[in-house]
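Within every chain, numbering begins at 1; the chains are lettered A, B, ... in the order of the sequence lines, protein sequences first and strands thereafter.
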There are 2 protein chains.
Amino acid sequence: MKLTSKGRYAVMALVDLARFDTINPVSLRDISLRQGISLDYLEQIFSKLKKNQIVKSTRGTQGGYILSKKPNEIKLNNILNAVDEKVKTVQCKKESKKGCNGRATKCVTHNLWDELETHINTFFEKKSLQDLLKDNSERVN
Amino acid sequence: MKLTSKGRYAVMALVDLARFDTINPVSLRDISLRQGISLDYLEQIFSKLKKNQIVKSTRGTQGGYILSKKPNEIKLNNILNAVDEKVKTVQCKKESKKGCNGRATKCVTHNLWDELETHINTFFEKKSLQDLLKDNSERVN
DNA sequence: ACATACCTGACTAAAATGGTCAAGTTTAGA
DNA sequence: TCTAAACTTGACCATTTTAGTCAGGTATGT
Ligand code: FES
Ligand code: FES
């Protein structure tokens with residue numbers, strides 16, 4: 001059970017953005033350099049963040065990205081969903097009556113994993129970008 | 001962020017075992033049929049469960065596996081660790097002072113992921129096989 | 001003896017991951 | 001108006017992980 005780089009990078013990049021977008025839009029190039037993330041990969045990630053209205057972009061020279069909401073309104077949940085880093089613990093389709101392995105009934109562990117999913121999502125719903133900013137306010141990089 | 005089949009199967013198989021091992025050892029063949037898991041794959045999984053003293057085996061005809069502890073003493077935590085389904089949220093080595101991406105300091109999201117890891121592990125430490133048995137006591141399969 | 005069931009290790013097809021690369025379009029500023 | 005910075009899109013790819021399979025064993029109750 002592990003987190004992928006895409007989700008990790010998305011959050012890192014947005015924390016960076018939240019710190020520096022107060023005056024001018026921030027270019028991906030800057031984020032790439034500060035956070036050590038491949039520029040090309042960042043572009044893929046921000047394309048998704050934009051589609052999900054988490055960031056806004058300005059093209060051209062001096063362009064870049066800014067947050068489209070206040071940091072305390074952006075929950076980790078929103079970020080991770082945007083980049084398809086969904087929490088998926090059950091194997092089956094939740095809505096279906098059928099179980100995993102194509103069985104007719106839900107398996108013996110179904111309820112357990114479903115509880116776990118809720119447990120994790122609760123964590124993500126509570127945490128906002130703002131919380132992360134506080135947590136790192138002393139740091140400079 | 002997702003759970004792999006290995007962890008899922010391990011828990012499924014142990015719930016099955018906990019139900020049926022009261023009289024005789026349970027053969028992997030039976031578990032395979034009841035739970036719809038490949039026999040060969042189960043063997044790999046049980047090899048690890050045995051190494052971690054979660055199950056005991058009896059060879060030969062009428063052989064099979066039994067739990068080596070009571071269901072309320074076996075936490076999900078123990079099971080998942082045994083089959084290497086570890087929760088891994090941080091990218092960096094936790095002990096090291098260095099951050100991920102080979103940076104000199106911990107990244108801006110390090111604390112967050114570390115909290116998440118604790119959050120999830122707490123869930124696994126609280127849940128025992130016994131809890132799952134209760135949860136499914138009405139079910140027959 | 002022989003069937004049953006555990007045991008071990010090597011192998012592999014398919015999917016996911018973590019990117020790279022190429023070819024644009026848009027726009028600020030000189 | 002020219003140009004460079006920066007966003008945009010889509011294809012491509014190497015590596016790793018996953019979820020098994022396969023081919024041999026070895027032990028033991030009947
Ligand atoms: S996980 Fe839903 S039925 Fe098994
Ligand atoms: S996750 Fe530990 S430094 Fe980034």
Side-chain angles (χ1 to χ4, degrees), chain A residues 1-13 17 20-21 24-52 54-66 68 80 83-88 91 100-102, chain B residues 1-13 17 20-21 24-52 54-66 68 80 83-86 88-89 91 100-102:
Chain A
M1 178 147 218
K2 64 173 195 244
L3 207 69
T4 68
S5 288
K6 205 187 310 193
R8 209 192 319 274
Y9 287 166
V11 178
M12 283 174 74
L17 198 55
F20 293 100
D21 79 345
N24 292 316
V26 179
S27 72
L28 293 189
R29 193 161 172 283
D30 287 353
I31 297 178
S32 165
L33 291 172
R34 276 196 294 262
Q35 305 296 330
I37 304 170
S38 146
L39 176 59
D40 286 313
Y41 202 24
L42 270 179
E43 282 173 346
Q44 286 180 42
I45 293 169
F46 271 76
S47 152
K48 297 187 181 201
L49 292 174
K50 194 188 173 188
K51 272 193 197 112
N52 285 268
I54 292 174
V55 296
K56 278 187 278 199
S57 66
T58 318
R59 301 181 79 152
T61 317
Q62 302 301 317
Y65 289 90
I66 55 170
S68 60
L80 297 175
V83 297
D84 305 313
E85 179 83 14
K86 302 229 177 74
V87 176
K88 164 141 176 98
Q91 174 77 349
C100 46
N101 296 11
Chain B
M1 178 146 217
K2 64 173 195 243
L3 205 68
T4 68
S5 288
K6 206 190 306 196
R8 208 191 320 273
Y9 288 167
V11 178
M12 282 174 74
L17 200 53
F20 292 100
D21 80 343
N24 293 315
V26 179
S27 72
L28 292 188
R29 193 160 174 283
D30 286 353
I31 297 178
S32 166
L33 291 174
R34 274 196 295 261
Q35 304 296 330
I37 304 169
S38 142
L39 175 59
D40 285 314
Y41 201 24
L42 271 180
E43 280 173 347
Q44 285 180 43
I45 292 170
F46 271 75
S47 152
K48 297 190 178 194
L49 292 175
K50 193 189 173 184
K51 272 192 196 111
N52 285 269
I54 292 175
V55 296
K56 278 187 280 199
S57 65
T58 316
R59 302 181 79 151
T61 316
Q62 301 302 317
Y65 289 91
I66 56 171
S68 60
L80 297 175
V83 297
D84 305 314
E85 179 82 15
K86 303 230 177 72
K88 165 143 175 92
T89 54
Q91 176 77 348
C100 46
N101 296 8

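- In this structure, A/Y65 atom OH and D/dA6 atom C1' are separated by 9 Å, rounded to whole Å.
- For A/K50, the side chain to side chain donor-acceptor pair (under 3.5 Å) partners two or more places apart in sequence, or in a different chain, are A/S57.
- Residues that satisfy the side chain to side chain donor-acceptor pair (under 3.5 Å) test with A/S32, not counting sequence neighbours, are absent from this structure.
- Every side chain to side chain contact (heavy atoms under 4.5 Å, CB included) that A/K56 has, sequence neighbours left out, goes to A/I66, A/S68.
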Table of protein N/O atoms under 3.5 Å from nucleotides 13-16 of chain C N/O atoms:
none

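- Listed pair A/S38 / C/dG19 fails the phosphate criterion, with no side-chain N or O lying under 4.0 Å from OP1 or OP2.
- Take A/D30 and apply the side chain to side chain contact (heavy atoms under 4.5 Å, CB included) test, not counting sequence neighbours, and it matches A/V26, A/S27, A/R34.
- For B/T4, the side chain to side chain donor-acceptor pair (under 3.5 Å) partners at least two apart in sequence or on another chain are B/E85.
- Ring pair A/Y9/A/Y41 is perpendicular by interplanar angle, where above 60° counts as perpendicular and below 30° as parallel.
- Atoms CD (B/E85) and C1' (D/dT17) sit 12 Å apart, rounded to a whole Å.
- Rounded to whole Å, the distance from CG on A/N24 to P on C/dA28 is 13 Å.
- B/M1 has its CE atom 12 Å from the P atom of C/dT17, to the nearest Å.
- When the side chain to side chain contact (heavy atoms under 4.5 Å, CB included) test is applied to B/E43, the partners found at least two apart in sequence or on another chain are B/L28, B/L39, B/D40.
- Applying the side chain to side chain donor-acceptor pair (under 3.5 Å) test to A/D84 and every residue at least two apart in sequence or in another chain returns A/K48.
- Distance CZ (A/R29) to C1' (D/dT8): 18 Å, rounded to an integer number of Å.
- B/L80 places none of its side-chain heavy atoms less than 4.5 Å from the side chain of B/K86.
- Between the CG atom of B/D84 and the P atom of D/dA19 there is a distance of 13 Å, rounded to whole Å.
- Residues from residues 39-52 of chain A that place a heavy atom under 4.0 Å from any atom of DNA chain D, listed by number: A/E43, A/Q44, A/K50.
- A/V26 comes within contact range of the sugar-phosphate backbone alone, with a heavy-atom separation under 4.0 Å but no base atom that close.
- One distance of note links CZ of A/R8 with CD of A/Q35; it measures 13.0 Å at 0.5 Å rounding.
- A 4.5 Å side-chain heavy-atom check between A/V55 and A/F46 finds at least one atom pair inside the cut-off.
- Comparing B/R8 and A/T58 along DNA chain D, the residue whose closest nucleotide (by nearest heavy atom) sits nearer the 5' end is A/T58.
- To the nearest angstrom, P of C/dA5 lies 16 Å from CD1 of B/I66.
- Proximity of B/Y9 to the phosphate of D/dA19: no side-chain N or O atom is located under 4.0 Å from OP1 or OP2.
- Taking only side-chain atoms of B/S57, from C-beta outward, the nucleotide of D/dA6, C/dC7, C/dA5 with the closest atom is C/dC7.
- Here the CE-CG distance, from A/M12 to A/L42, works out to 9.5 Å after rounding to the nearest 0.5 Å.
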Under 3.5 Å, which N/O atoms of the protein pair with N/O atoms of nucleotides 1-4 of chain C?
unit_1 : atom_1 : unit_2 : atom_2 : d
C/dT4  : O2     : B/T61  : N      : 3.4

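- Across the protein-nucleic acid pair, B/K86 atom NZ and D/dT18 atom P stand 12 Å apart, rounded to whole Å.
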